[in-house]
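First up is the structure itself, then whatever we jot down about it.
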Number of protein chains: 4
Amino acid sequence: MTKDIFQHPDPESLPRRDEIVARTFELVRERGFAGLRMRQIAEKVGVTEGALYRHFPSKEAILLALVDRMEARLLAPVRQLAARTDLSAEEKLQQVLQHHLRTVVASQSLPILLISEVSFSEHEALRARMRQLITAYLGTLEGIAGQLGPGGEFDPREIAVLLLGLPAAVAITQRLLPDAELAGRLTGPVASKLVHLILSR
Amino acid sequence: MTKDIFQHPDPESLPRRDEIVARTFELVRERGFAGLRMRQIAEKVGVTEGALYRHFPSKEAILLALVDRMEARLLAPVRQLAARTDLSAEEKLQQVLQHHLRTVVASQSLPILLISEVSFSEHEALRARMRQLITAYLGTLEGIAGQLGPGGEFDPREIAVLLLGLPAAVAITQRLLPDAELAGRLTGPVASKLVHLILSR
Amino acid sequence: MTKDIFQHPDPESLPRRDEIVARTFELVRERGFAGLRMRQIAEKVGVTEGALYRHFPSKEAILLALVDRMEARLLAPVRQLAARTDLSAEEKLQQVLQHHLRTVVASQSLPILLISEVSFSEHEALRARMRQLITAYLGTLEGIAGQLGPGGEFDPREIAVLLLGLPAAVAITQRLLPDAELAGRLTGPVASKLVHLILSR
Amino acid sequence: MTKDIFQHPDPESLPRRDEIVARTFELVRERGFAGLRMRQIAEKVGVTEGALYRHFPSKEAILLALVDRMEARLLAPVRQLAARTDLSAEEKLQQVLQHHLRTVVASQSLPILLISEVSFSEHEALRARMRQLITAYLGTLEGIAGQLGPGGEFDPREIAVLLLGLPAAVAITQRLLPDAELAGRLTGPVASKLVHLILSR
DNA sequence: TATGAATGAGACTTCATTCAT
DNA sequence: CATGAATGAAGTCTCATTCAT
């Protein structure tokens, strides 16, 4: 069903650099950014801490690579959707939201929560990178919404933010109060109806 | 306008315990939970670190007191609204959302982001406390939505989560991409229209 | 039976200074010297920590007063025994040992263990005081043994040390491996027979 | 003479873990358990405090390793003695006591005093470990005494405790009132005669 | 490339003591 | 006399990073 788009291939076959990022992702998925330790990464990869510095100059560099990875897996599919000509704007937004919600569920709510967490981080470069990511995401949504034509209740920018709301709410509630049945409804029919309502004109 | 409901009275007049929580709040507002240091609190209060331990047994205790404070300022007004009999269910939900959104803007997006952050925290007591807070918040919204009567697109639980979405989205975007003009629209007419759409039957 | 010679009178009627020492004794009896905290003393006395400094200039001063108290309760009776003329030397040593053993049992093995503990203490004054106490104790025993006349297996000094051995061994074993029945035998018939054997000539 | 059985080989050749324990032993020998600081250990080993944590997870772990070492050096020889078939029970007990007394003198009275000190410690694991050690020690002595056959003044358990008394008394007096000449007599002829008296039947 | 040991800064916390009230 | 707040030094422990091998 909802395939984990954040899955990674066989560890053995990965170049070390990628493996480090992949393992870091698993850790961040479970424990967030703030609790991440170089030691944990090293353990999970199966090397010593010193070895990590052969591949990345610092912890921050690993985290930046992690955000690159998130962007690739989260944003790229959205951009592809946006570029398609065989779908209406509403269909595109429906699919974007579905994609985002599936991601939220599959990755245990990660990306949206990470954005919150990083917003407080002391790593300036990391904050900037996240700002860039969310700017691109909202911009893409806004672009699609702009193709809808005039007459709706909300302008394109507002639509983009509103569409961010559902994944965010789902992430927060599922993280703290897991409820698979409710999650199913929210990511399926509820999301679908919400998009329709928001776009109705 | 949007008064900062998290503001605190004159520092001089506060018992130390309250002052510590108030100053901690200011720090957390700026830097979040993970980056909070006892040293910073002590500096901001104007004492040494050891002095803090005359008033709280641990850092975690300060954080729990902080969540108490958040609950008092965020949840109490919502509960009062819910209890009023001179408002329709839709009017109540409109005001709850307005209140929440004002809080988000006034406190620089704090509460909702903190919930995200805490969801990863190693402080088990803190996670439990936050879970309690969000459970109560959603429960109150669900209770109001239950008074709407049948026939709408969404059931009460779904409505509660959907109404959480807007403050969450506003918090995230405003934190990373501040835009006062957009924030004004989102917390005003956009919120109002969204509630109406969601409740329409 | 074995009355607790370290008991203290009604707290209410004690001048503060004495009460502080008495309460400190209770704490030391349970937890030893190293774990003693001014806060615990204050709590047990029912005052604040600052108040203790009205009566003693420092923690070390309290401990020295405590050793004075131990000396009064432990050593004074022994000296009185030594001075009696109606008892033979063996009878005196029998009673001294009985007294010491009863003390060990009644005070939960305290004095002898405290001597061990203090021997490592950083409080030079305290170590000196304990040295003085044990010197006086051994000296008194030696004095009595000197009245035995020649011909035994051991000289007076050796007898004094040997008689210290039983209370020490009882203290250590009872503290770590409490065994009331064994303790009863050791403090009664075993002690009696041991003295007789040591003094036999 | 009385060789220091607690001596350690050339520091340079020791794996760090063992070296840390050896250096800790030297410190504890001088200052006891309660006054031991991680800083002191680090200084003596010649590293920073943090480095110690690569080899032991906590201070308590170092102390437990220290007790292991004490057990190996104190208890193991006693057990070997107990197992010999070429010695009578009395000869075995004579040698055990000699061994223990030599240890007391060589190590500056350490083990027996440490047992006293630890009996008050807050480290539950450490207390349990010491309890185990003394149980084993007394048990071994009791076992040998059991081979004596009936008819003596004391039963095996009593003999075990009585034999613990001399090293304890020697430790206390030598620690506070060093007297090499007396110590020599106590560990030599006095001990020998005492064992004979206690076992006489 | 990788290891294992180490560093140095800094985290939270404890505690005897001081002092204004 | 007593309180309550505060200090300052010190304690154990953590962690990103460095470096010789």
Side-chain angles (χ1 to χ4, degrees), chain A residues 15-17 20 34-43 45-63 122-123, chain B residues 15-17 19-20 34-42 45-63 122-123, chain C residues 15-17 20 34-43 45-63 122-123, chain D residues 15-17 19-20 34-42 45-63 122-123:
Chain A
R16 268 288 143 90
R17 231 191 98 93
I20 290 170
L36 183 68
R37 302 285 173 264
M38 291 298 274
R39 181 165 43 79
Q40 298 170 334
I41 301 175
E43 264 172 28
V45 173
V47 296
T48 59
E49 293 163 76
L52 298 176
Y53 288 86
R54 295 274 137 206
H55 304 278
F56 291 91
S58 68
K59 185 182 178 187
E60 187 173 23
I62 299 181
L63 296 181
E122 293 147 25
H123 295 290
Chain B
R16 265 289 139 94
R17 226 191 104 92
E19 199 200 338
I20 290 169
L36 183 68
R37 300 288 174 260
M38 291 300 275
R39 182 168 45 76
Q40 298 170 337
I41 302 176
V45 173
V47 295
T48 61
E49 293 172 59
L52 299 176
Y53 288 85
R54 285 208 77 74
H55 305 279
F56 292 92
S58 67
K59 184 183 177 184
E60 188 173 25
I62 299 181
L63 297 182
E122 292 147 25
H123 292 289
Chain C
R16 267 290 143 91
R17 231 190 98 93
I20 289 170
L36 183 68
R37 301 286 174 262
M38 292 298 274
R39 181 164 45 77
Q40 298 171 333
I41 302 175
E43 264 173 28
V45 173
V47 296
T48 59
E49 292 164 74
L52 299 176
Y53 288 85
R54 295 273 137 208
H55 303 279
F56 291 92
S58 68
K59 185 183 178 184
E60 187 173 24
I62 298 180
L63 296 181
E122 294 147 26
H123 295 289
Chain D
R16 265 291 137 93
R17 226 190 105 93
E19 199 200 338
I20 290 169
L36 183 68
R37 300 288 172 258
M38 292 299 275
R39 181 169 45 76
Q40 298 170 337
I41 302 176
V45 174
V47 296
T48 61
E49 295 172 56
L52 299 176
Y53 289 86
R54 284 208 78 73
H55 304 279
F56 292 92
S58 67
K59 184 183 178 184
E60 187 172 26
I62 299 181
L63 297 182
E122 294 145 24
H123 292 289

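Just so it is clear: chains get the letters A, B, ... in the order the sequence lines come, proteins before strands, and each one is counted from 1. Scope of the values below: all heavy atoms of this structure, side chains included, with no hydrogens, waters or symmetry mates.
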Subject >> CA sep, side-chain torsions, deciding dist, call: A/Val45, A/Arg16, side-chain contact (heavy atoms from CB on, under 4.5 Å) >> reply: CA-CA 9 Å; A/Val45 173; A/Arg16 268 288 143 90; 4.2 Å; yes
Closest to side chain of [X], choosing from [options]:
{"X": "D/Tyr53", "options": "F/dA2, F/dC13, E/dA16", "answer": "F/dC13"}
{"X": "C/Met38", "options": "F/dT12, E/dA16, E/dT1", "answer": "E/dA16"}
{"X": "B/Glu49", "options": "E/dA16, E/dT13, F/dC13", "answer": "E/dT13"}
{"X": "B/Thr48", "options": "F/dA2, F/dT12, F/dG8", "answer": "F/dG8"}
{"X": "C/Arg54", "options": "F/dT3, F/dT7, F/dA2", "answer": "F/dA2"}
{"X": "C/Ala51", "options": "F/dA5, F/dA2, E/dT3", "answer": "F/dA2"}
{"X": "C/Arg37", "options": "F/dC13, E/dT3, E/dT14", "answer": "E/dT14"}

Original post:
Where each residue is assigned the nucleotide of DNA chain F containing its nearest heavy atom, which of B/Gly46 and D/Lys59 is assigned the position nearer the 5′ end?
Top reply: B/Gly46
**OP:** Nearest-nucleotide wise, let me know which of D/Arg39 and D/Pro57 is further upstream toward the 5' end of DNA chain F.
**Re:** D/Arg39
Whole angstrom value for the distance that separates [atom2] of [N] from [atom1] of [X]:
{"X": "A/Arg17", "N": "E/dA2", "atom1": "CZ", "atom2": "C1'", "value": "18 Å"}
{"X": "C/Glu43", "N": "E/dC15", "atom1": "CD", "atom2": "P", "value": "11 Å"}
{"X": "C/Leu36", "N": "E/dT14", "atom1": "CG", "atom2": "P", "value": "17 Å"}
{"X": "B/Leu52", "N": "E/dC15", "atom1": "CG", "atom2": "P", "value": "17 Å"}
{"X": "C/Glu60", "N": "E/dC15", "atom1": "CD", "atom2": "P", "value": "18 Å"}
{"X": "D/Phe56", "N": "F/dT14", "atom1": "CZ", "atom2": "P", "value": "15 Å"}
{"X": "C/Gln40", "N": "E/dT17", "atom1": "CD", "atom2": "C1'", "value": "17 Å"}

**OP:** Go ahead and name the base partner of E/dT21; Watson-Crick or wobble counts if both distances stay under 3.5 Å, otherwise write none.
**Re:** F/dA2
Subject >> Below 4.0 Å: OP1/OP2 of F/dA2 and any side-chain N or O of C/Arg16 >> reply: yes
**OP:** Indicate whether OP1 or OP2 belonging to E/dG4 is found under 4.0 Å from a side-chain N or O atom of D/His55.
**Re:** no
Subject >> Stepwise side-chain contact (heavy atoms from CB on, under 4.5 Å) test for A/Arg54 and A/Val47 >> reply: CA-CA 11 Å; A/Arg54 295 274 137 206; A/Val47 296; over 6 Å; no
**OP:** Start with the C-alpha distance between C/Met38 and C/Ile62, add both sets of side-chain angles, then the distance that settles side-chain contact (heavy atoms from CB on, under 4.5 Å), and finish with yes or no.
**Re:** CA-CA 10 Å; C/Met38 292 298 274; C/Ile62 298 180; 4.1 Å; yes
**OP:** Locate the shortest heavy-atom distance separating A/Ala42 from A/Thr48; write the atom from each residue and the value.
**Re:** CB-C, 3.7 Å
Original post:
Looking only at heavy atoms, what is the nearest atom pair of B/Gln40 and B/Gly35, with distance?
Top reply: OE1-O, 3.4 Å
